[in-house]
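Here the structure comes first, spelled out in structure tokens, and everything after it is commentary.
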Amino acid sequence: MASDSGEEKTAEEGTMTMDERKAKMEQLRAKMRSTTKANRASLIEESAKAKMTARETARLERQRKLAEVLRMQTEAEDRGEDVERQKNWEWTIEENDNWEKKKARKARRADYEFHDDVHAARRRYKKDLDLIKPDLTTYSRQKEAVLGLAPGSLSKSGSNTPSSSALTTFDPSGGQVVPSSEQRMAAESFYRDANTLLYADNKPTEDAIDRVVSKINKDIDKKGKFSRKRLNEDEGDITYINERNRVFNKKIARYYDKYTSEIRASFERGTAL
């Protein structure tokens with residue numbers, strides 16, 4: 001059957017005229033062109049999706065939020081409502097207080113000028129505080145030993161409030177809770193003051209040491225990459241001590257450089273009289 005169909009197809013092609021052959025060729029070429037065009041469009045679409053980075057995605061998200069805000073403002077104005085008041089209803093008092101504290105902290109840190117060493121050290125200290133992540137598990141274990149609680153009671157409850165399962169001894173004569181010697185030593189080590197004689201007994205963990213080393217290396221790299229060169233500085237000698245003096249020297253040079261160029265050149269050569 002296959003051989004018969006092939007022979008029939010060959011016979012039909014043999015009976016086709018030249019015009020029919022040209023028409024069929026044009027159909028095949030048109031089909032090839034449409035397929036190539038579709039493949040190219042698909043390739044361009046995939047390439048555009050691959051080039052869409054996280055920054056582009058964030059930009060589109062900001063535009064979407066802006067469009068949503070504009071839509072809400074338009075609808076509120078049509079209803080005669082206050083947009084800011086309606087937006088503030090979505091925030092709790094705690095969230096509002098945290099937002100105000102964040103704005104105040106950002107305003108305090110907006111002063112990047114150098115005032116003195118104390119101010120610079122305080123700014124650096126505040127920045128380092130943001131990177132500190134306390135080890136609450138170790139703190140809970142130490143507090144359990146101080147309060148005489150069962151091991152794991154604070155970590156299981158998720159809070160640092162003492163419970164009624166304190167492992168303390170009761171003095172029947174005085175009717176008061178008498179802490180054990182281990183509790184007194186743990187309390188003295190945990191709540192230290194100016195009269196405490198304990199010192200240099202803390203042994204940091206390997207993770208804590210690694211965090212300190214990584215922080216030091218990060219500061220060294222940041223200091224090595226830091227440069228005080230500004231974009232508006234011209235190449236040449238630095239003849240000013242601050243921004244105001246730089247502007248003043250630039251004005252003076254604009255009017256008097258053409259008269260003092262020979263004198264300055266003589267000073268540089270060391271041939272001035």
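Quick caveat, the model's predicted, so the values are computed rather than measured. Quick note: residue numbers are just sequence positions, from 1.
- For the atom pair NZ of Lys215 and CD1 of Ile220, the computed distance is 10.5 Å after rounding to the nearest 0.5 Å.
- Nearest approach of Thr138 to Asp135, heavy atoms of both residues: OG1-OD2, 2.6 Å.
- The residues Glu144 and Arg141 are annotated as not salt-bridged, no charged nitrogen and carboxylate oxygen being separated by less than 4.0 angstrom.
- How far CZ of Arg21 is from CG of Asp19: 11.5 Å, rounded to the nearest 0.5 Å.
- In terms of modelled atom types and a separation under 3.5 Å, the side chain of Ser42 and the main chain of Asn39 share no donor-acceptor contact.
- Here the straight-line distance linking atom CZ of Arg211 with atom OG1 of Thr205 works out to 6.0 Å at 0.5 Å rounding.
- With contacts defined as side-chain heavy-atom distances shorter than 4.5 Å, the pair Lys223/Asp219 does not qualify.
- When hydrophobic clusters are built by joining Ile, Leu, Val, Met, Phe, Trp and Tyr residues whose side-chain heavy atoms come closer than 4.5 Å, directly or via intermediates, Ile93 is not grouped with Trp91.
- No more than 12 heavy atoms of other residues, nucleotides or ligands shown are found within 6.0 angstrom of CZ on Arg40.
- Both Tyr256 and Phe248 belong to a single network of hydrophobic side chains, linked directly or stepwise wherever heavy atoms of I, L, V, M, F, W or Y lie under 4.5 Å apart.
- Inter-residue side-chain proximity for Gln27 and Lys31 is flagged as unmet; no heavy-atom pair is nearer than 4.5 Å.
- Salt bridge annotation for Lys65-Glu68: absent, with no cationic side-chain nitrogen under 4.0 angstrom from a carboxylate oxygen.
- A salt bridge is absent between Glu26 and Lys22; no separation between the charged side-chain nitrogens and carboxylate oxygens falls under 4.0 Å.
- Here NZ of Lys103 is found 5.0 Å from CD of Glu100. Values are rounded to the nearest 0.5 Å.
- Taking 4.0 Å as the cut-off between side-chain N and carboxylate O, Arg124 and Asp128 count as a salt-bridged pair.
- Other residues, nucleotides and ligands place more than 12 heavy atoms under 6.0 Å from the CZ atom of Arg79.
- With rounding to the nearest 0.5 Å, the separation of OG1 in Thr35 from CE in Met32 is 9.0 Å.
- The CG atom of Asp257 sits 10.0 Å away from atom CG of Asn249, with the distance rounded to the nearest 0.5 Å.
- Here the closest non-hydrogen pair linking Tyr240 and Asn245 is CA-OD1, 2.9 Å.
- Put simply, the side chain of Thr260 never gets that close to the backbone of Ile263: no donor and acceptor are under 3.5 Å apart.
- The environment of CD in Glu206 is sparse: at most 12 heavy-atom neighbours from other residues, nucleotides or ligands sit within 6.0 Å.
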